[in-house]
Amino acid sequence: MYTNRLITLQLIKMAKKTNKNTWELAPAPESSGHIDLKKQYELFIDGRWVAPKKKKYFATTNPANEKKIANIAYADESDVDLAVAAARKAFDGVWSKIAPSERAKYIYRIARIMQERSRELAVIETMDGGKPIRESRDVDVPLAANHFFYNAGWADKLEYAFPTKRAEPLGVAGQIIPWNFPLLMAAWKIAPALAAGNTVVLKPAETTSLTALKLAEIIEEAGLPPGVVNIVTGHGDTGAAIVNHPDVNKVAFTGSTGVGKIIQNAIAGTNKKATLELGGKSANIIFADAPIDQAVEGIVNGIFFNQGHVCCAGSRLFVQESVAELVIKKLKDRIGTLIVGDPMDKNTDIGAINSKEQLGIINKYIKIGNEEGAEMYQPSCNVPSKGYFCPPTLFTNVAQSSRIVQEEIFGPVLAIQTFRTIDEVIQKANNTPYGLAAGVWTDKGSRIFNLTTKLRAGVIWANTYNKFDPTSPFGGYKESGFGREGGLHGLSAYVKLV
Ligand code: NAP
Ligand code: MG
């Protein structure tokens with residue numbers, strides 16, 4: 001995808017040279033005729049689709065056109081109770097007892113079916129969440145399947161993963177995920193839990209339940225024993241019911257720092273294990289010797305990718321003073337070529353903001369940035385009138401104390417600062433309550449190593465940004481949470497070593 005973007009950029013440059021006004025891409029919408037969606041979705045508990053006890057439902061909509069897609073069941077405490085009981089029964093009766101190689105087979109099967117149904121999953125992810133089809137098709141769905149493949153490989157090799165120790169499962173894992181990578185977050189959480197022998201109750205975010213429900217269909221098709229995975233949809237109180245349930249042994253949460261703190265308080269003093277993957281305000285640092293065109297592409301990828309709905313988005317840019325003017329000019333030119341619009345169109349770079357509420361939050365921060373005296377730049381691009389959209393936005397002339405520099409916006413908004421020395425940029429980059437990710441762009445290897453030891457961030461990319469791999473751990477410091485997902489670290493969060 002990164003390469004595709006570079007090619008597109010070159011083509012646009014060529015077209016601009018030949019005739020400035022004639023470059024226009026014909027619409028290339030992905031079809032949705034092949035997908036199968038029901039009008040109403042029930043809860044997936046104990047291997048069956050069951051109506052919520054109170055018979056309450058809520059609508060999920062397409063943020064690109066504001067049209068309702070389906071009704072989703074709203075689980076309350078009593079439904080969560082059933083799901084946890086089913087997970088406990090499956091844990092005690094089957095999943096912790098079967099041969100690990102049998103567990104591996106089921107997990108592989110899930111991965112294979114996800115690959116077979118990848119086109120359908122990508123289209124539904126884009127319809128429900130608003131992200132460009134290119135992102136769902138090339139990033140979210142393949143990575144989600146890869147997490148199942150990767151963890152399937154560990155299921156019968158736990159004694160090699162944790163040599164000299166015996167790895168025992170924790171029991172029932174309660175998992176709560178956000179709306180920015182709905183299927184991928186479900187895979188990050190479910191795959192290692194199952195590989196280690198735990199059973200699961202998972203709640204997706206209320207605006208993006210559909211791909212988790214499709215994953216439930218896949219789990220059904222893969223023939224997993226009933227109750228091993230339960231998917232309960234609903235609102236924040238559904239999540240709270242999972243966290244507070246006395247028979248849940250492990251809580252895995254990805255979402256905002258605010259809710260993360262509520263969860264940490266709720267489980268304090270209990271025996272529940274927890275991993276919290278929270279917000280971020282990550283720094284992307286460009287030194288004067290960096291390959292500037294690649295760095296500009298990395299900046300775009302870091303913050304405008306997925307509408308800035310990325311926990312590790314490079315939302316604070318630090319450019320060394322001597323190249324600041326050049327980088328900002330190139331960045332302005334580049335964001336002028338980004339296509340904001342129909343997420344189902346394969347040419348779209350920036351899709352729809354996930355919800356009306358989130359668009360309201362982003363616009364509030366854009367207003368704050370202007371009120372704080374920062375200088376705003378938005379390219380003149382066509383933004384659809386229906387649906388929730390936000391053009392790529394740059395702010396220069398910002399102070400370290402500006403709210404748009406300190407607070408997570410979770411939208412396509414970049415705050416740009418300059419620096420002179422390495423010590424200055426380390427100090428500025430670390431001056432944040434968060435510590436999720438960072439990017440460093442320089443030709444000098446020793447500078448990369450120097451920075452990786454001094455930047456307080458869980459993930460640091462060098463001369464690239466937003467690269468993910470199932471074998472690599474991901475997670476934060478400080479208010480970005482604790483615990484790691486992915487790789488062996490991610491697996492270890494689901495075992496007790498004895
Ligand atoms: P959120 O409001 O914290 O919601 C996350 C999930 O928690 C949703 O499923 C939500 O349900 C549920 N929830 C809400 N209140 C709850 C409560 N009191 N107890 C238990 N669960 C509760 O976050 P979001 O707005 O969906 O997601 C954006 C945030 O996620 C950003 O801050 C972003 O940085 C963070 N994020 C972090 C990572 C990471 O790996 N560090 C990855 C992705 C996103 P409802 O949807 O029904 O409210
Ligand atoms: Mg939706």
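One-based numbering, in listed order, for ligands and for the atoms of each.
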The residue among Lys273, Arg88, Lys272 that forms side-chain hydrogen bond (donor to acceptor under 3.5 Å, both in side chains) with Asn249 is Arg88

Does ligand 1 have an atom under 4.0 Å from some heavy atom of [X]?
X: Pro204; answer: yes
X: Gly234; answer: yes
X: Phe181; answer: no

So which protein heavy atom does atom 37 (C) of ligand 1 come closest to, and at what separation? Leu278 O, 2.9 Å

Considering only heavy atoms of Ser256, which atoms of ligand 1 have at least one such atom less than 4.0 Å away? 1 (P), 2 (O), 3 (O), 23 (O), 29 (C), 30 (O), 32 (O)

Pull out every atom of ligand 1 sitting under 4.0 Å from any heavy atom of Gly279, numbered as shown with elements. 32 (O), 34 (O)

Looking at Tyr477, does the NZ or CZ of Arg484 lie under 6.0 angstrom from its six-membered ring centre and within 45 degrees of the ring axis? yes

Is the NZ or CZ atom of Lys131 positioned over Phe305's six-membered ring, under 6.0 angstrom from the centre and within 45° of the axis? no

May I ask you to check whether Ser480 has an N/O atom sitting below 3.5 Å from an N/O atom of ligand 1? no

Parallel, tilted or perpendicular, judged at 30° and 60°: which one describes the rings of Trp179 and His309? perpendicular

Angle between ring planes, Tyr74 versus Phe58, binned at 30° and 60°: parallel, tilted or perpendicular? perpendicular

Evaluation steps, ring pair (Phe, Tyr, Trp, His ring centres under 6.0 Å), between Tyr465 and Trp461: CA-CA 6 Å; Tyr465 206 89; Trp461 287 288; 4.7 Å; yes

Going by the closest heavy atom to atom 31 (C) of ligand 1, which one wins out of Gln358, Glu357, Glu408? Glu408

Given the protein's heavy atoms, is any one of them under 4.0 Å from atom 4 (O) of ligand 1? no

